[in-house]
Amino acid sequence: MSDTARPRATQADGSQKGRKASKETRRQQLIEATIDSLAKRGYSETTLADIADGAEMSRGIVNFHFESKEKLLVATLQFMTEEYAGHWEATLEKAGVRPSDQLQALVAADFDRKICTRRKLAAWCAFWGEAKSRPTYKALCGAQDRTYQVTMQSIVEILKQEGGYSYDSAALTLAMCAMLEGLWFRLMMDDGLTREAAHQSAGSFLASVFPKHFAETAPTQERPT
C-alpha cells in the first residue's frame, strides 16, 4: 500500500469508529429515556412515542435501533442488570479479603447513588411486576439474583464459622436479600425514607445478626435522586 493511501484508510477507520460510537450513544440515550418513561408512566403506559420524545429522536430512529418496543425494553433491562452486577462486583473486589468487609461493602453497594436513584428503583419495580408473565425478564432478573445470593451466602457462611453463630446461612441470606429489596421499595415509594437512613437500617440488621463483626453507626441525611 502506498503512503498516500494510508491517511485515507486511517480516516475511514476513524469514520467507522465515529459511526459506531454514535450508534452506541444513541442506543444508550434511548435506554435512559426508557428508564425515565418507566419511572414516570409505568410499564403499561410507556410507548415508543414517549421514549422517542424523551430521547429527542424520531420514531424512525427508535425503530432503526431496536425494531420494537419489546426489544428496547429487553435491552433496557439487560443494561440495568449488567450495571447492577458490575457495580456490586467491583465494590466487592475493592473490599479486600475480610468477609465482614465484603458483606458490609455488598450491602453498601445497594445504596450507592449510582444505583440507588428513584427513577431506577421505579424502573426495576416496573420490570419486576412483569417478570412473572414474561420469561425473558424473569431469566434476566433471575440469573443476576442467583449470582448475588450465592456470593452473599458464601460470605455469610464464613462469618457463621468465624463467629460461632447458629443461624441457617441459606435462610439468613434470603432474609437479607428480601430486606434490601424491601428498603428499595420503600425508597421508591418516597415516603420520607432517605437513602442514608435505609443504609443505616441495613447496617443495624447486620449488627444484630453478626454482633461479633459489626457495630451500629450513625446515619447521615441524604435523599435519593
Side-chain angles (χ1 to χ4, degrees), residues 17-92 106 108-152 177-178 180-190 195 198 223-225:
K17 291 179 180 178
R19 286 195 295 271
K20 182 179 180 181
S22 177
K23 181 179 179 180
E24 291 174 351
T25 297
R26 287 191 172 186
R27 285 175 63 90
Q28 188 59 39
Q29 288 173 336
L30 289 169
I31 286 172
E32 294 293 340
T34 302
I35 294 172
D36 288 339
S37 185
L38 289 171
K40 181 179 180 180
R41 302 177 180 88
Y43 186 92
S44 62
E45 297 299 321
T46 288
T47 67
L48 281 180
D50 295 326
I51 296 168
D53 289 344
E56 297 183 347
M57 298 181 193
S58 69
R59 174 73 176 272
I61 292 178
V62 180
N63 288 330
F64 172 77
H65 286 288
F66 290 102
E67 298 180 4
S68 69
K69 173 184 171 180
E70 182 59 23
K71 288 185 177 181
L72 176 51
L73 287 166
V74 169
T76 300
L77 178 56
Q78 186 168 8
F79 164 75
M80 292 179 67
T81 57
E82 289 175 356
E83 179 188 51
Y84 179 73
H87 181 68
W88 71 254
E89 288 169 357
T91 301
L92 188 62
L106 200 59
D110 261 11
F111 302 102
D112 188 280
R113 65 170 58 252
K114 179 181 179 181
I115 296 296
C116 187
T117 65
R118 198 162 287 115
R119 61 187 284 272
K120 288 183 179 180
L121 298 185
W124 274 117
C125 286
F127 281 120
W128 289 337
E130 296 293 322
K132 184 176 181 180
S133 59
R134 297 179 183 274
T136 302
Y137 296 1
K138 186 175 182 180
L140 283 170
C141 293
Q144 294 295 346
D145 287 347
R146 284 189 294 274
T147 302
Y148 182 89
Q149 289 189 28
V150 167
T151 301
M152 180 179 283
C177 290
L180 293 171
E181 290 170 358
L183 289 170
W184 265 24
F185 182 75
R186 286 284 303 277
L187 286 169
M188 189 272 295
M189 293 298 290
D190 192 21
R195 180 173 57 240
R223 297 184 64 81
T225 57

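In this text the structure is predicted, and so the values were computed from the model without any measurement. Residue indices begin at 1 and follow the sequence shown.
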- Message: With side chain to side chain contact (heavy atoms under 4.5 Å, CB included) as the criterion, how do Thr136 and Leu77 come out once you've worked through the C-alpha distance, each side chain's angles and the decisive distance to 0.1 Å?
- Response: CA-CA 10 Å; Thr136 302; Leu77 178 56; over 6 Å; no

- Task: Apply the test side chain to side chain contact (heavy atoms under 4.5 Å, CB included) to residues Asp50 and Thr47: give CA-CA distance (whole Å), side-chain angles for both, the deciding distance (0.1 Å), then the verdict.
- Result: CA-CA 5 Å; Asp50 295 326; Thr47 67; 2.9 Å; yes

- Task: Begin from the C-alpha positions of Leu92 and Thr151 and carry the test side chain to side chain contact (heavy atoms under 4.5 Å, CB included) through to its verdict.
- Result: CA-CA 10 Å; Leu92 188 62; Thr151 301; 3.6 Å; yes

- Task: List the steps and the verdict of side chain to side chain contact (heavy atoms under 4.5 Å, CB included) for Ile35 and Phe79.
- Result: CA-CA 10 Å; Ile35 294 172; Phe79 164 75; 4.2 Å; yes

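Between Leu140 and Phe127, the closest side-chain pair of non-hydrogen atoms is not below 4.5 Å. Considering only heavy atoms from C-beta on, Leu121 stays 4.5 Å or farther from Phe185 through its side chain. At least one side-chain heavy atom of Met152 sits under 4.5 Å from a side-chain heavy atom of Leu180. Contact of the Val62 side chain with the Leu72 side chain is registered, since non-hydrogen atoms from C-beta on lie closer than 4.5 Å.
Cation-pi geometry between Lys69 and Tyr43 is satisfied (NZ or CZ under 6.0 Å from the ring centre, within 45° of the ring normal).
In plain terms, the two heavy atoms of Ile61 and Met57 that are nearest each other are CG2-SD, 3.8 Å. What you find for Cys116 and Arg195 is that their closest heavy atoms are O-NH1, 3.2 Å. Of all the heavy atoms in Gly54 and Ala33, the pair that sits closest is C-CB, 4.0 Å. Summarising the geometry of Met188 relative to Cys125, their closest heavy-atom pair is CE-SG, 3.4 Å, with the distance given to 0.1 Å. Closest non-hydrogen pair, Leu38 versus Thr46, comes out as N-OG1, 3.7 Å. Contact detail for Leu30 and Ala55: the closest heavy-atom pair is CD2-CB, 3.8 Å.
Atom OG1 of residue Thr91 and atom CD1 of residue Ile115 lie 8.5 Å apart, to the nearest 0.5 angstrom. One finds the CE atom of Met80 at 8.5 Å from the SG atom of Cys141 (value rounded to the nearest 0.5 Å). In this structure, Arg26 CZ and Gln29 CD are separated by 7.5 Å, a value rounded to the nearest 0.5 Å. Asp36 CG to Ile31 CD1: the interatomic distance, rounded to the nearest 0.5 Å, is 12.0 Å. Atom-to-atom distance recorded for Arg59:CZ and Ile51:CD1 is 9.5 Å, nearest 0.5 angstrom. The CG atom of Asp112 sits 15.0 Å away from atom CH2 of Trp88, with the distance rounded to the nearest 0.5 Å.
Side-chain atoms of Ser37 do not come within 3.5 Å of backbone N or O of Thr34 as any donor-acceptor pair. In terms of modelled atom types and a separation under 3.5 Å, the side chain of Lys120 and the main chain of Lys114 share a donor-acceptor contact.
Atom CZ of Arg134 has more than 12 neighbouring heavy atoms from other residues, nucleotides or ligands inside a 6.0 Å radius. The environment of CD in Glu45 is sparse: at most 12 heavy-atom neighbours from other residues, nucleotides or ligands sit within 6.0 Å.
Ring orientation note: the planes of Trp124 and Trp184 are tilted relative to one another, at an angle of 30° to 60°.
If you check the side chains of Gln28 and Glu32, you find a donor sitting under 3.5 Å from an acceptor.
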